[in-house]
Amino acid sequence: MSVVYRRISVALVFWFLFLAVTPISVCRARPLCPVKSTSPSDGAAGVPPGQPITWQMATDGRNYRAVLGFLKRRCFLVRITDGDEEVVIEGSDPQFEVSLSPPSLMLLQPPLDRHRTYRVTLLLGPSRGRRHAPVFTCTHSFSTGCAIGEATRVRIECPTGPVPAGQETAIRVVVSDDYGNPAQNAYCSVRVLENGSIEGSAQWEPQEAQLEREDAGSLLIRVRDTEAETLTILVSSRDTRFGTQCHSEVSLRICPGTPAECQAAVGSPVREGEWWYVPVTISLTDTFGNPAEDGTQIAVSSPGNLLRTGPGGDLVERLLLETKAGSASFQVVTGTPVGTITLSVQTEGYLQTLAISPDCDQPVVPAWTPVALGEGGPAPRLGMAMAADRRSGKLYVYGGCRGSLVFNDLWIYAPEDETWTRIMANGTWPKPLRFCSGAVCPYTGRFLVYGGLYDVSQRQRHLWAYSDAQGWELVSTAPWEYDRYRHAAVVDSRGRLLIFGGLDYYNQTSSDVLVFQLPEGPWYKLDVGQNASPGRTEAAVAYDPSRECLWVFGGRDVRGKLLGDLWQLRLHSGTTGTWVRIDDTEGGPAPRCGSVAFVDPTTGNLVIAGGWDGQGICAEMWIYSPDEDRWICRVLDHDHPLARAGAALAVVTEPTWHVYLFGGRREGNVVVGEPCKLIP
């Protein structure tokens with residue numbers, strides 16, 4: 001056994017000697033020579049400080065993997081010295097990285113100064129502290145150049161042709177370093193040296209993320225001086241890290257845009273008595289095809305006709321208008337059947353004659369002249385229940401609110417003597433209600449009030465009725481799931497009270513059609529199949545007795561989004577109905593809520609007016625012709641009674657055809673009363 005142990009011990013000794021000697025022999029037999037730099041150090045700009053520096057290590061091609069494996073066992077030392085031969089970095093710590101494929105040495109993030117010359121020395125051999133000396137030494141010099149992020153160049157990209165005066169012009173400012181990289185610490189200022197001004201911020205401080213975008217450094221200027229021929233812009237950049245400054249200058253040629261073309265858009269003719277009113281809009285563009293600036297004056301004249309700025313304006317032979325968004329609107333008033341109308345348009349020395357031919361085949365839109373309903377009526381409010389007896393013309397108004405004030409007063413207007421009467425109720429009567437609905441029973445002539453809100457959130461499902469003989473009476477209490485407010489109510493030709501839309505018991509917008517068979521019930525839901533109109537509140541709803549249908553337009557959905565769709569509910573005998581969406585009609589009103597709607601019994605057309613479109617009160621009247629499937633728009637004056645939102649409307653057919661209007665909001669969120677009747 002001793003012989004065996006002795007032999008094993010000798011073998012182990014020789015093995016350890018081989019392991020100790022072999023790396024040195026490899027380094028001596030296959031030295032790394034030379035060390036070639038693959039960094040920008042060979043260029044004139046030098047190596048950017050703060051960036052990795054890589055050296056490619058060449059071998060004889062056969063044993064480099066063994067050599068590099070030896071280096072990874074810390075058989076190397078890197079020393080960096082400056083021009084004074086002072087050691088800057090020395091060691092083999094993790095800031096150095098050795099790669100096997102390709103064989104390279106990378107110096108990571110050295111803390112070097114700019115514009116200095118350094119020497120790197122690579123010593124191959126065992127690490128310090130071992131008995132073997134370095135086997136091979138290789139040196140290489142490099143210099144540092146401009147740092148990435150130092151602003152050294154400013155380039156301005158702008159239109160090559162003339163710049164339209166008075167128009168917005170985009171220029172792009174690019175700040176970069178000597179390597180073409182976006183500057184990271186640049187602070188730029190922009191100023192006009194002569195002949196013009198820049199609208200908006202005069203300084204621009206880009207961030208690195210902004211400079212990496214395609215539109216980095218974009219500036220938008222507006223040339224105001226229409227008399228100057230050039231606009232000189234100076235862009236200065238300063239590097240906030242190193243203090244380097246650079247400048248760039250550009251001159252833009254200015255070409256003032258002069259009026260070049262005007263066009264006329266003609267609306268639908270409106271007949272009032274013996275006069276025809278034709279709405280006209282003039283659009284003016286300059287030589288660049290841009291709309292004329294706001295405030296550009298236009299003189300319009302029309303031989304043989306009269307002109308006015310809008311409904312209720314004075315009739316003149318010549319109008320002086322100012323453009324807004326490149327256009328101006330007015331009316332041509334003629335006493336003859338509408339044919340070809342000649343207009344003369346003059347502005348800034350430019351004169352053009354326009355011949356317009358209104359479409360006389362369009363239905364005549366009534367003027368809807370307002371007539372006040374006496375004095376001493378109900379106070380201003382909205383969300384009230386209002387209805388009229390179609391035959392007698394008697395008008396009822398109940399409840400509503402103005403701010404936090406909720407009413408429970410009842411007002412009756414008598415057309416025979418044109419007086420208002422406030423009814424002082426005795427016994428039991430409805431609570432103060434808002435966002436309720438009203439109708440008149442055709443059999444008994446009683447005024448009906450359904451639903452609404454009492455207090456802050458107490459929904460109601462009571463149906464109340466008022467008559468001069470019996471006063472207030474609770475007719476019915478609907479099932480609990482029939483709670484509604486912000487809904488609409490109509491009575492059809494079969495004597496049914498129809499409730500549509502509104503917010504239900506769960507505070508969700510309802511698409512159900514609730515039915516109460518007058519005069520005593522019962523309650524039920526109309527069976528409308530699967531394709532029902534979406535639930536909504538504050539919709540414009542009107543009943544058409546000639547077609548036995550219900551029209552529904554606009555409103556809000558459960559998220560408060562404004563709607564602009566038109567639906568028709570075709571009512572059948574029994575308990576069924578069919579919804580049809582009118583979605584093939586173009587040129588209709590934009591989405592809105594709080595509009596009023598009624599059907600003109602003489603033409604069968606649906607009329608929708610007023611409302612709120614998300615921007616303001618709509619001063620428009622829209623007429624939909626079911627026979628021709630098209631919309632007609634008439635622009636209203638903002639003082640017209642129909643130019644309001646949240647108003648209540650009631651239709652009267654005998655002895656004369658007219659509608660009642662009351663309450664709502666005008667422009668500026670002002671709650672109004674102003675009861676009136678509109679005569680076609």
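Below, each value reflects all heavy atoms present in this structure, side chains not excepted, and no hydrogens, waters or symmetry copies. Start at 1 with the first residue, then count along the sequence.
- Looking at every heavy atom in both residues, Ala489 comes nearest to Leu497 through CB-CD1, 4.1 Å.
- To the nearest 0.5 Å, atoms OG1 (Thr603) and CG (Asp627) are separated by 9.0 Å.
- Side-chain atoms of Arg666 come within 3.5 Å of backbone N or O of His638 as a donor-acceptor pair.
- Using a 4.5 Å heavy-atom cutoff, the side chains of Leu518 and Leu448 are in contact.
- Ser510 places no side-chain N or O within 3.5 Å of a backbone atom of Gly501 that could act as its donor or acceptor partner.
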Next on the checklist: Show, in sequence, the C-alpha distance, side-chain angles and deciding distance for Thr576 and Asp527, and conclude whether the side chain to side chain donor-acceptor pair (under 3.5 Å) test is met.
Outcome noted: CA-CA 5 Å; Thr576 62; Asp527 183 4; over 6 Å; no

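- Applying the side chain to side chain donor-acceptor pair (under 3.5 Å) criterion to Asp294, with sequence neighbours excluded, gives no partner residue.
- Within a 6.0 Å radius of NE2 in His572, other residues, nucleotides and ligands contribute more than 12 heavy atoms.
- Taking each heavy atom of Ala387 and Gly438 in turn, the nearest pair found is CB-C, 3.8 Å.
- Residues Pro601 and Trp657 have side chains in contact (heavy-atom distance under 4.5 Å, counting atoms from C-beta outward).
- Partners of Thr309 according to the side chain to side chain donor-acceptor pair (under 3.5 Å) rule, which considers only residues two or more places apart in sequence or in another chain, do not exist here.
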For residues 611-619, please give each side-chain donor-acceptor pair under 3.5 Å, one per line with the distance, not counting sequence neighbours.
| unit_1 | atom_1 | unit_2 | atom_2 | d |
| --- | --- | --- | --- | --- |
| Asp613 | OD1 | Gln615 | N | 3.0 |
| Asp613 | OD1 | Gly616 | N | 3.1 |

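- For Trp411 and Phe662, the distance between ring centers is not under 6.0 angstrom.
- Side chain of Tyr398 to backbone of Pro430: a donor-acceptor contact under 3.5 angstrom is found.
- Side-chain atoms of Ser302 do not come within 3.5 Å of backbone N or O of Asn305 as any donor-acceptor pair.
- With values rounded to the nearest 0.5 angstrom, Leu498 atom CG is found 12.5 Å from Phe516 atom CZ.
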Checklist entry - What do the steps show when you test Arg592 against Glu538 for salt bridge (Lys or Arg N to Asp or Glu O under 4.0 Å), and what is the final call? => result CA-CA 9 Å; Arg592 61 196 62 192; Glu538 302 175 71; over 6 Å; no

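- Rounding to the nearest 0.5 Å places OG of Ser533 at 9.0 Å from CG of Leu569.
- Counted within 6.0 Å of CD on Glu654, heavy atoms from surrounding residues, nucleotides or ligands total more than 12; the atom is thus considered enclosed.
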Next on the checklist: Assess the residue pair Leu514 and Lys525 against the criterion (side chain to side chain contact (heavy atoms under 4.5 Å, CB included)); give the C-alpha distance rounded to whole Å, side-chain angles, the decisive distance to 0.1 Å, and a yes or no.
Outcome noted: CA-CA 5 Å; Leu514 311 180; Lys525 290 183 180 179; 3.8 Å; yes

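- A heavy-atom distance below 4.5 Å is found between the side chains of Val651 and Leu649.
- Remark: Ser283 pairs with no residue by the side chain to side chain donor-acceptor pair (under 3.5 Å) rule, at least two apart or across chains.
- Aromatic ring pairs are classed by plane angle as parallel below 30°, tilted from 30° to 60° and perpendicular above 60°; the pair Tyr413 and Trp420 is tilted.
- Residues Asp512 and Phe500 have side chains not in contact (no heavy-atom distance under 4.5 Å, counting atoms from C-beta outward).
- The side-chain heavy atoms of Leu642 and Met621, taken from C-beta on, include a pair separated by under 4.5 Å.
- Note on ring orientation: taking the six-membered ring where Trp is involved, the planes of Phe598 and Trp368 are perpendicular (angle over 60°, cut-offs 30° and 60°).
- Side chains of Arg536 and Asp565 form a contact here, defined as non-hydrogen atoms less than 4.5 Å apart.
- A donor-acceptor pair under 3.5 Å is formed between the side chain of Arg461 and the backbone N or O of Ala478.
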Next on the checklist: Could you walk me through whether Asp409 and Arg422 satisfy the side chain to side chain contact (heavy atoms under 4.5 Å, CB included) test, starting with their C-alpha distance in whole Å, then the side-chain angles of each, then the deciding distance to 0.1 Å, before giving a yes or no?
Outcome noted: CA-CA 7 Å; Asp409 51 350; Arg422 180 177 180 180; 3.6 Å; yes

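- The aromatic rings of Tyr482 and Trp523 sit perpendicular to each other, their planes meeting at more than 60°, with 30° as the lower class boundary.
- Stacking of Arg434 on the aromatic ring of Tyr485 is not recorded, the 6.0 Å distance cut-off and the 45° axial limit not both being met.
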Next on the checklist: For a side chain to side chain donor-acceptor pair (under 3.5 Å) check, start with the C-alpha distance between Asp600 and Thr602, then their side-chain angles and the critical distance, and finish with the verdict.
Outcome noted: CA-CA 6 Å; Asp600 187 333; Thr602 60; 2.5 Å; yes

Checklist entry - Hey, mind stepping through Asn531 and Arg581 against side chain to side chain donor-acceptor pair (under 3.5 Å) and telling me if it holds? => result CA-CA 9 Å; Asn531 299 322; Arg581 178 169 180 173; over 6 Å; no

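- For the atom pair CD (Glu375) and OG1 (Thr419), the distance works out to 12.0 Å, reported to the nearest 0.5 Å.
- Atoms CD1 and CD1, on Ile356 and Ile282 in that order, are 7.5 Å from each other to the nearest 0.5 Å.
- Electrostatic pairing of Arg570 and Asp544 does not count as a salt bridge here, judged by no charged N lying under 4.0 Å from a carboxylate O.
- Salt-bridge annotation for Glu674 and Arg644: present, with a side-chain N of the basic residue lying under 4.0 Å from a carboxylate O of the acidic one.
- When the options Asp417, Asp389, Asp468 are evaluated for a salt bridge (Lys or Arg N to Asp or Glu O under 4.0 Å) with Lys394, the one that passes is Asp468.
- In this structure, the side chains of Pro589 and Phe553 come closer than 4.5 Å at one or more pairs of heavy atoms.
- When every heavy atom of Ala647 is checked against every heavy atom of Val596, the shortest pair comes out as O-CG1, 3.6 Å.
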Next on the checklist: For Arg381 and Phe407: C-alpha separation, side-chain torsions, deciding distance, then whether side chain to side chain contact (heavy atoms under 4.5 Å, CB included) applies.
Outcome noted: CA-CA 9 Å; Arg381 64 190 71 189; Phe407 300 95; 3.6 Å; yes

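- Residues Trp567 and Tyr624 keep their aromatic ring centres 6.0 Å or farther apart.
- Atom OH of Tyr505 is surrounded by 12 or fewer heavy atoms from other residues, nucleotides or ligands within 6.0 Å.
- More than 12 heavy atoms of other residues, nucleotides or ligands lie within 6.0 Å of CD in Gln517, so this atom counts as buried by the packing criterion.
- For residues 493-504, the pairs satisfying side-chain hydrogen bond (donor to acceptor under 3.5 Å, both in side chains) are Asp492-Arg496, Ser493-Tyr543, Arg494-Glu548, with sequence neighbours left out.
- Shown here are the side-chain contact (heavy atoms from CB on, under 4.5 Å) partners of Lys561, two or more places apart in sequence or in another chain: Asp557.
- Between Leu373 and Lys677, some side-chain heavy-atom pair lies under the 4.5 Å cut-off.
- For CD of Glu481, the number of neighbouring non-hydrogen atoms (other residues, nucleotides, ligands) closer than 6.0 Å is greater than 12.
- Contact between Gln460 and His462 at its shortest, heavy atoms only, is OE1-CD2, 3.1 Å.
- The line from CH2 of Trp631 to CH2 of Trp622 is 8.0 Å long, rounded to the nearest 0.5 Å.
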Next on the checklist: Could you walk me through whether Val345 and Ile298 satisfy the side chain to side chain contact (heavy atoms under 4.5 Å, CB included) test, starting with their C-alpha distance in whole Å, then the side-chain angles of each, then the deciding distance to 0.1 Å, before giving a yes or no?
Outcome noted: CA-CA 7 Å; Val345 182; Ile298 300 179; 3.4 Å; yes

